Structure formats: structure tokens, C-alpha cells
Peer 1: 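Structure incoming, see below.
Small disclaimer: the values here were computed from a predicted structure and weren't measured. Positions are given from 1, in the same order as the sequence printed here.
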Amino acid sequence: MATTEMTRPDATAEDFRAEAAAWLADNFPQSLVGKENLLAAIEGESKPDPEVAAWKRAMGEKGWGTPTWPVAYGGGGLDAKQARILQEEMARINAWNPIGGMGVMMLGPTLLEFASEEQKQRYIPPICRGEIRWCQGYSEPGAGSDLASLQTKCEDKGDHWLINGQKTWTSGGQWADWCFALVRTDTSKKHEGISFILLDMKSPGVEVKPIKMISGASPFCETFFTDVKVPKDQIVGEIGNGWTIGKRLLQHERTNLSGGGRMGRGAGPSLADIARKYVGVDDEGRIADADLRGRIIKHEMEARAFQATARRVTAEAKSGSLSLASSILKNVGARITQERAELTLEIMGMNGLGWEGEGFHPLELGTTRGWLWGKAVTIYGGTTEIQNNVIAKRILGMLDHQ
């Protein structure tokens, strides 16, 4: 596994910055600037790009796609300061991280905490290299907000587990190689009867049906399990401890979706750049519409303050302490994401409402679809209403009173 010079005790931040800058200059082609697709992990790739593949391979071999993960499992082994320097150097040349998805956002950090050493060695390195696409098997038709009511049954058949049931809203299920799922191993208990399991999506008995969304994409699916056989060693943690593991994974998901990871970051030109193009500037080079200018500034201030908070919470989570702040981040991040989409459409005017046709730029068409896709951010990863309940009960200490 690749490591960095900064792992030497006598190395300095300047040493690492120089190394990172040189490595990025050698490995990130400027032709890829602006080509990041943050939704590719759940909406699939349109077609393979050799340059993107080479960039992903380089980052995976270096371990910098997952910069703070242990070198022993394929990560970069960087500390928080080094990771921040790497991020700064990537931003300086408009480079982007090609390794992400649910393996990085959710499963990997959870495996680092709960998996056996054998499971870590088997499943984490392919995540660090971006070789395996994962999907999440949590929600069911009768178990959404009350996830602990899930009924997908996982029976012990001696030398294997046998799974029967249905999951819904399985993001990227039609493209996924593997699935991490919550299943019921004991029907006599609610929370204590749930286990966390990993299964191959190519296993006989797995059927996936995409669900078409208002944005025109089909990132979500219904997934059916009919007599699916899973090896005994693919249960993570102890049998019956799945609810604890599953909740921890949800905290990683909410933090990343809200803004602590790739999916939470804006891509492409800034609101100010978009406004300069579509609204124009005054004699002093400022955005011509003063009211819009003020609202963009307010939004950017909120977004940057939020990003700083999300990074701090993410760093604290790596210490192993469970943080309920992820529920707050999820709600605030969803609001900021939707506000940015609304502002972008307002700035573009009629150009921001195109669906197809030669009269629209690809950025404009992508904005329309992104605006519609963003309507789901207050629902997936735990609805705003559910997060409000968590905040009220577990952070503010408010109890239900009849």
C-alpha cells in the first residue's frame, strides 16, 4: 500500500504540501476539471472515461481517495492536518476525489469500528481503490420511519444464512456489486433481533427493480430476496447487534449527506460565477442585482460556516464517540442544498427550467435535474421530521407527554 513522506516523525507540513502538490500535478490531468459527477455513485456512469479511470486508479493506489483511513487497509494514513492540506492542494488545481459512494460514506467507517480483522482486510481495500460499488438494504415497504419494524428474515441454516424479504429505496441497487443490509435473525425481539449482514448482489435469488423519479433518473430501486444464501462469516459484529451497528452507519450517512463528505459539497461554478454570467455586473464588477448579491453572500456565509461545523463533527466522529449532531447537520444541510438549487434556478431564469433541446447548455439541463433530484434530500437518510424528533428527544431532552 502506498504511503506518504509525511508519516515520518521529522517531516513537516511544508514537506507534505510540496509532496502533495507535486503528486497531484503529475497525476491529475487538467482536462478533468469540472467533470466530477457527484451523483454517479447512485445514478450510474453514462460511459467509461479512460482519464477518469486512470485518475481513480492513481488515487486508489496512493490511498488518498480515503486519506485518513489506515494504510493497513488501503487508506492514506494521513492525520487531520495532512488531510486538510491535501484537500487545499486539490482545491487549488480544481482536482476532485474520484473515489466515493456508499462504501466510503457509510460502510467503510462502520467496518473500521465493528468488523473483524478478517472482514476489514477483505472488504475495506476494494473500497479504498474504488473497485466495489455498495448499496444499502435498510428501508422496507412497512419499515421506513420505524426502521426497527423491518421483517426481512435471515434464517440460520447451519452452514449458511437464508434471506427472504424485500427492501425499497435501495439507492443504486441496479449497479451495485454488494449490499450491506439490516435483517431479522430473531422474530421474538424487535431491536435485539436485528443483525447487520453483507451480501453479494449477484447471488441467486436477488432481484432489483428500478424506480423512476421526477428528475428522470432511476437511482432508487425495489430489491427482492428469495431464498438467498449468504456465507456465515458475512454477519458483521455479533448476531443481534445490528441495530447498534445500523444506527452508527446512519450517523456517517447523515453527516456525509449533509456536508461532511463528497455528496454534501457543491460542484461546478459558484453562485457568484453563475450570477455574473446570467445577471451581469455593474461598473464596479459586482453582480448587478444588489438584492440577489446580498442573498448570495448570505447563502455562502451559511454554507461555509456549515461546512466548517460538518468537518469538525466528522473529525470528532473518528474518535469513536457517537454524535447526535448528525441529525442537526442532516436537516441544516438539506435546507442549504435546496436553497442553493432554488437560487441557481432564479439566477438562470428561463434557462434554468429546460429539460432538453439545443437551446440549453448542459450545465442548465443539469441544474434542472439537480433541482428536482434535490427535493429528496429532506427524505432520504432519515426524514426531516424524524431528525426533529431525534433532536427534541435525545439532544434537547424533551419527552412525549400525553
Peer 1: Between Thr168 (side chain) and Ser139 (backbone), is there a donor-acceptor pair under 3.5 Å?
Peer 2: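 No: the side chain of Thr168 does not pair with the backbone of Ser139.
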Peer 1: Do Trp178 and Met102 touch side chain to side chain, with heavy atoms closer than 4.5 Å?
Peer 2: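 Side-chain contact under 4.5 Å: no.
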Peer 1: For Leu112, does its backbone N or O pair with a side-chain atom of Lys120 as donor and acceptor, under 3.5 Å?
Peer 2: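 Confirmed, Lys120 side chain pairs with Leu112 backbone.
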Peer 1: Quick check against the 3.5 Å criterion: does Trp64 have a side-chain atom that pairs as donor or acceptor with the backbone of Leu78?
Peer 2: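 Not a single qualifying donor-acceptor pair exists.
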Peer 1: Enter the distance from Leu353:CG to Thr368:OG1 here, rounded to the nearest 0.5 Å.
Peer 2: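 One gets 6.0 Å once the value is rounded to the nearest 0.5 Å.
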Peer 1: Strictly distance-based, threshold 3.5 Å: is any side-chain N or O of Glu113 a donor or acceptor partner for the main-chain N or O of Leu249?
Peer 2: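 Such a contact is absent between Glu113 side chain and Leu249 backbone.
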Peer 1: Evaluate the criterion side chain to side chain contact (heavy atoms under 4.5 Å, CB included) for residue pair Trp69 and Ile127; output intermediate values, then yes/no.
Peer 2: CA-CA 11 Å; Trp69 292 16; Ile127 294 175; 3.9 Å; yes
Peer 1: Could you check Arg340 against Leu271 for side chain to side chain contact (heavy atoms under 4.5 Å, CB included), going step by step and ending with a plain yes or no?
Peer 2: CA-CA 8 Å; Arg340 187 185 196 282; Leu271 287 174; 4.1 Å; yes
Peer 1: What's the shortest heavy-atom distance between Asp177 and Glu131, and which atoms?
Peer 2: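 Distance-wise, the nearest heavy atoms are OD2-O, 4.1 Å.
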Peer 1: Using modelled atom types and a 3.5 Å cut-off, is there a donor and acceptor pairing between side-chain atoms of Arg335 and backbone atoms of Thr378?
Peer 2: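 No: the side chain of Arg335 does not pair with the backbone of Thr378.
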Peer 1: State, yes or no, whether a side-chain contact exists between Ile328 and Ile391 at a heavy-atom distance under 4.5 Å.
Peer 2: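 Yes, at least one pair of side-chain atoms sits under 4.5 Å.
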Peer 1: Taking all heavy atoms of Val33 and all of Phe28, pick out the closest pair and write down the distance.
Peer 2: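 Heavy atoms only, the tightest pair is CG2-CE2, 3.8 Å.
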Peer 1: Taking all atoms of both residues into account, what is the closest heavy-atom pair of Val236 and Ile245, and its distance?
Peer 2: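 For Val236 versus Ile245, the nearest heavy atoms are O-CD1, 3.3 Å.
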Peer 1: Where is the tightest heavy-atom contact between Phe225 and Thr223, given as atom of each residue plus distance?
Peer 2: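 Shortest heavy-atom contact: CZ-CG2, 3.7 Å.
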Peer 1: Taking the side chain from Asp15 and the backbone from Thr12, do they hold a donor-acceptor pair closer than 3.5 Å?
Peer 2: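 Side chain of Asp15 to backbone of Thr12, a donor-acceptor pair under 3.5 Å: yes, one is there.
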Peer 1: Under a 4.0 Å threshold between the charged nitrogen and the carboxylate oxygen, would Arg92 count as salt-bridged to Glu88?
Peer 2: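 Answer for the salt bridge query: no.
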Peer 1: Can you tell me if CD on Glu238 sees more than 12 non-hydrogen neighbours from other groups inside 6.0 Å?
Peer 2: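 Atom CD in Glu238 is not packed in, count stays at 12 or less.
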Peer 1: Any side-chain heavy-atom pair from Asn97 and Met59 closer than 4.5 angstrom?
Peer 2: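 In contact.
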Peer 1: Run Met348 and Leu363 through side chain to side chain contact (heavy atoms under 4.5 Å, CB included) and show every step you take.
Peer 2: CA-CA 10 Å; Met348 288 184 172; Leu363 175 64; 4.1 Å; yes
Peer 1: Taking atom NZ of Lys232 as the centre, does the number of heavy atoms from other residues, nucleotides or ligands within less than 6.0 Å exceed 12?
Peer 2: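 More than 12 heavy atoms, drawn from other residues, nucleotides or ligands, come within 6.0 Å of this atom.
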Peer 1: When you compare the side chain of Val206 with that of Ile163, does any pair of heavy atoms fall below 4.5 Å?
Peer 2: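 In short, these two side chains do not touch, never coming nearer than 4.5 Å.
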Peer 1: Locate the shortest heavy-atom distance separating Ser149 from Ala143; write the atom from each residue and the value.
Peer 2: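 Ser149 and Ala143 have their closest heavy atoms at C-CB, 3.8 Å.
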Peer 1: Where the side chain of Lys153 meets the backbone of Arg184, is there a donor-acceptor pair that is under 3.5 Å apart?
Peer 2: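 Not confirmed, Lys153 side chain does not pair with Arg184 backbone.
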Peer 1: So how far is it from Ile197 CD1 to Cys154 SG, rounded to the nearest 0.5 Å?
Peer 2: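 Spacing of CD1 (Ile197) from SG (Cys154) equals 4.0 Å.
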Peer 1: Using modelled atom types only, decide if a donor and an acceptor are shared between the side chain of Gln234 and the backbone of Leu198 within a distance under 3.5 Å.
Peer 2: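 The answer is yes, because a donor-acceptor pair under 3.5 Å joins these two groups.
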Peer 1: With a distance cut-off below 6.0 Å to the six-membered ring centre and an angular limit of 45° from the axis, does Lys229 pair with Trp161 as a cation-pi contact?
Peer 2: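 Here Lys229 fails the 6.0 Å and 45° test against Trp161.
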Peer 1: Report yes if the side chains of Tyr73 and Glu117 come closer than 4.5 Å at any heavy-atom pair, otherwise no.
Peer 2: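 Sidechains of Glu117 and Tyr73: in contact.
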Peer 1: Taking side chain as C-beta onward, heavy atoms only, is Trp243 less than 4.5 Å from Leu147?
Peer 2: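 Yes, at least one pair of side-chain atoms sits under 4.5 Å.
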Peer 1: A quick test of your reading: do over 12 heavy atoms of other residues, nucleotides or ligands sit less than 6.0 Å from NZ of Lys375?
Peer 2: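 Atom NZ in Lys375 is packed in, count exceeds 12.
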Peer 1: Nearest 0.5 angstrom please: Leu345 CG to Met350 CE, how far?
Peer 2: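 CE of Met350 is found 10.5 Å from CG of Leu345.
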Peer 1: Quick check: do Gln82 and Pro67 have side-chain heavy atoms less than 4.5 Å from each other?
Peer 2: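 Not in contact.
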Peer 1: What's the separation between atom CZ in Phe196 and atom CG in Leu107, rounded to the nearest 0.5 Å?
Peer 2: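 Here the rounded value is 5.5 Å.
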Peer 1: Please find the pair of heavy atoms, one from Tyr123 and one from Leu111, that lie closest to each other, and give the distance.
Peer 2: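 For Tyr123 and Leu111, the tightest heavy-atom pair comes out as CB-CD1, 3.8 Å.
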Peer 1: Between Glu207 and Thr226, does any side-chain donor sit less than 3.5 Å from a side-chain acceptor?
Peer 2: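 Side chains of Glu207 and Thr226: no pair found under 3.5 Å.
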Peer 1: Check step by step if salt bridge (charged side-chain N to carboxylate O under 4.0 Å, His left out) holds for Lys190 and Asp146.
Peer 2: CA-CA 11 Å; Lys190 188 174 182 178; Asp146 183 16; 3.4 Å; yes
Peer 1: Does Thr152 offer a backbone N or O that forms a donor-acceptor pair with the side chain of Glu140 under 3.5 Å?
Peer 2: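 Yes, Glu140 side chain to Thr152 backbone: donor-acceptor pair under 3.5 Å.
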Peer 1: Is the closest basic N to carboxylate O distance between Glu19 and Lys62 below 4.0 Å?
Peer 2: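 A salt bridge is present here (some side-chain N lies under 4.0 Å from a carboxylate O).
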Peer 1: Parallel, tilted or perpendicular for Phe180 and Tyr138, by the 30°/60° rule?
Peer 2: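 The arrangement is perpendicular - the two ring planes meet at more than 60°.
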Peer 1: Charged N to carboxylate O below 4.0 Å: is that the case for Arg295 and Asp289?
Peer 2: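 Between Asp289 and Arg295 there is no salt bridge, as every charged N stays at least 4.0 Å from the carboxylate O atoms.
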Peer 1: Ser270 vs Asp273, test: side-chain hydrogen bond (donor to acceptor under 3.5 Å, both in side chains). Steps then yes/no.
Peer 2: CA-CA 5 Å; Ser270 67; Asp273 288 338; 3.3 Å; yes
Peer 1: Roughly how far, to the nearest 0.5 Å, is the CD atom of Glu346 from the OG1 atom of Thr344?
Peer 2: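 Reported to 0.5 Å precision, the distance equals 10.0 Å.
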Peer 1: With Ile347 as reference, evaluate Ile287, Ile296, Thr367 under the side-chain contact (heavy atoms from CB on, under 4.5 Å) test and give the passing residue.
Peer 2: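 Exactly one option meets the side-chain contact (heavy atoms from CB on, under 4.5 Å) with Ile347, and it is Ile296.
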Peer 1: For the residue pair Gln338 and Glu342, confirm or rule out a side-chain donor-acceptor distance under 3.5 Å.
Peer 2: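 No.
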Peer 1: Taking atom CD of Gln121 and atom CD1 of Ile124, what is their separation to the nearest 0.5 Å?
Peer 2: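 Reported value, rounded in 0.5 Å steps: 8.5 Å.
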Peer 1: Could you tell me whether the side chain of Val208 reaches within less than 4.5 Å of the side chain of Trp175, counting heavy atoms only?
Peer 2: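 They are not in side-chain contact.
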Peer 1: Check this for me: does any side-chain nitrogen of one of Arg122 and Glu118 sit under 4.0 Å from a carboxylate oxygen of the other?
Peer 2: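 Not counted as a salt bridge, because no side-chain N and carboxylate O are separated by less than 4.0 Å.
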